[in-house]
Amino acid sequence: MKSKYFSDPATAVDVFVETFRQVAADAQIAGIISQLKQLVYFDYTQDDPLVSFHVDSRGEGIQVAAGAPADHPDLTIITSVDVAHQSWANQINPVVAMATGRIKSKGSATALLKLAPVLKLIAPIYKQVLASKGIAV
């Protein structure tokens with residue numbers, strides 16, 4: 001895997017999944033994500049076939065797991081691991097990244113735009129997860 005931030009695919013997936021498990025435990029952020037009522041697939045497999053995870057807010061609570069979902073996702077976000085890292089760390093604007101093709105989506109773009117303001121709330125959690133695993137932001 002070619003990444004400036006992650007040494008291997010398992011570490012990258014672990015960081016993303018752990019971040020969203022902590023997001024699911026945060027009442028404010030979980031409330032916003034729960035309102036989407038969607039299955040979102042984060043497909044970062046262009047860097048490695050194992051780098052993906054999904055977040056399901058269609059039922060009670062928010063479910064997070066590594067890999068592709070069994071069901072057809074409402075929204076798929078496609079980008080590289082490094083652009084994903086920069087986005088979650090609030091180092092790039094995801095709307096600009098979408099406009100320039102660095103982030104692509106399939107499905108409901110409206111849901112993606114609703115997620116954009118939440119990134120500022122997710123960034124501190126993401127950075128904390130990175131720090132707990134000894135990864136520099």
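All figures in this text were calculated on a predicted structure; none of them were measured in a lab.
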Worksheet item: Of the non-hydrogen atoms in Leu50 and Val13, which two are nearest, and what is the gap between them?
Response: O-CG2, 3.3 Å
Discussion item. Measuring from atom CE of Met98 to atom CD1 of Ile78, what distance do you get when rounded to the nearest 0.5 angstrom?
Written reply: 11.0 Å
Discussion item. Between Ile122 and Phe20, is there a side-chain heavy-atom distance shorter than 4.5 Å?
Written reply: yes
Discussion item. Does Lys37, at its NZ atom, have more than 12 non-hydrogen atoms belonging to other residues, nucleotides or ligands within less than 6.0 Å?
Written reply: yes
Worksheet item: Taking the six-membered ring for Trp, is the centroid-to-centroid distance between Phe6 and Phe16 below 6.0 Å?
Response: yes
Fill in: Rounded distance (nearest 0.5 Å) linking atom CD of Gln91 with atom CG of Leu119
12.0 Å
Response to the item:
Residues Lys120 and Asn90: closest non-hydrogen pair is CG-ND2, 3.7 Å
Response to the item:
Closest heavy-atom pair, Gly67 versus Tyr41, reported as atoms and distance to 0.1 Å, is O-CE1, 3.8 Å
Worksheet entry | Pairs touching residues 64-81 that satisfy side-chain hydrogen bond (donor to acceptor under 3.5 Å, both in side chains), sequence neighbours left out | Arg58-Asp71
Item to complete: Using the side-chain hydrogen bond (donor to acceptor under 3.5 Å, both in side chains) rule, take Asp82 and Ser3 through it: C-alpha gap first, then chi angles, then the decisive distance, then the call.
Response: CA-CA 6 Å; Asp82 285 354; Ser3 172; 2.6 Å; yes
Fill in: Distance (rounded to the nearest 0.5 Å) between Phe42 CZ and Leu75 CG
7.0 Å
Worksheet item: Given the rule in the side chain to side chain contact (heavy atoms under 4.5 Å, CB included) test, do Ile32 and Leu121 qualify, once you have shown the distances and angles that lead to the verdict?
Response: CA-CA 11 Å; Ile32 296 167; Leu121 301 173; 4.1 Å; yes
Discussion item. Restricting to side-chain hydrogen bond (donor to acceptor under 3.5 Å, both in side chains), what partner residues turn up for Gln86, sequence neighbours left out?
Written reply: Tyr5, Arg102
Discussion item. My understanding is that only residues two or more places apart in sequence, or in another chain, count here; which of them pass side-chain hydrogen bond (donor to acceptor under 3.5 Å, both in side chains) with Thr19?
Written reply: none
Item to complete: Tell me, with the steps shown, if Asp26 and Gln22 meet side chain to side chain contact (heavy atoms under 4.5 Å, CB included).
Response: CA-CA 6 Å; Asp26 181 288; Gln22 290 187 28; over 6 Å; no
Could you list the donor-acceptor pairs under 3.5 angstrom formed between side-chain atoms of residues 127-135 and any protein atom two or more places apart in sequence or on another chain?
{"unit_1": "Lys127", "atom_1": "NZ", "unit_2": "Ala89", "atom_2": "O", "d": "3.4"}
{"unit_1": "Ser132", "atom_1": "OG", "unit_2": "Val129", "atom_2": "O", "d": "2.7"}
{"unit_1": "Lys133", "atom_1": "NZ", "unit_2": "Asp14", "atom_2": "OD2", "d": "2.8"}

Worksheet item: Do any N or O atoms from the side chain of Ser57 and from the backbone of Gln38 form a donor-acceptor pair under 3.5 angstrom?
Response: yes
Discussion item. Are Tyr126 and Val55 connected into the same hydrophobic cluster when the rule is that any two of I, L, V, M, F, W, Y join if their side-chain heavy atoms are below 4.5 Å apart?
Written reply: yes
Item to complete: List for me each residue that meets side-chain hydrogen bond (donor to acceptor under 3.5 Å, both in side chains) alongside His54, sequence neighbours excluded, and say none if there are none.
Response: none
Worksheet item: Can you name the side-chain hydrogen bond (donor to acceptor under 3.5 Å, both in side chains) partners of Asp48, sequence neighbours left out?
Response: none
Item to complete: Report yes if the side chains of Ile125 and Ile29 come closer than 4.5 Å at any heavy-atom pair, otherwise no.
Response: yes
Worksheet item: Would you say the side chain of Val83 lies within less than 4.5 Å of the side chain of Tyr44, judging by non-hydrogen atoms?
Response: no
Worksheet item: Should Val40 and Ile77 be marked as a side chain to side chain contact (heavy atoms under 4.5 Å, CB included) after you check the CA-CA gap, both sets of side-chain angles, and the distance that decides it?
Response: CA-CA 7 Å; Val40 181; Ile77 298 173; 4.0 Å; yes
Fill in: Atom pair CG (Asp8) and CE (Met1), whose distance is rounded to the nearest 0.5 Å
6.0 Å
Worksheet, complete the sentence: Taking every heavy atom of Ala24 against every heavy atom of Ala30, the minimum-distance pair comes out as O-CB, 3.5 Å
Item to complete: May I ask whether Val17 and Val15 are part of the same hydrophobic cluster, defined by side-chain heavy atoms of I, L, V, M, F, W, Y residues being less than 4.5 angstrom apart, directly or through others?
Response: yes
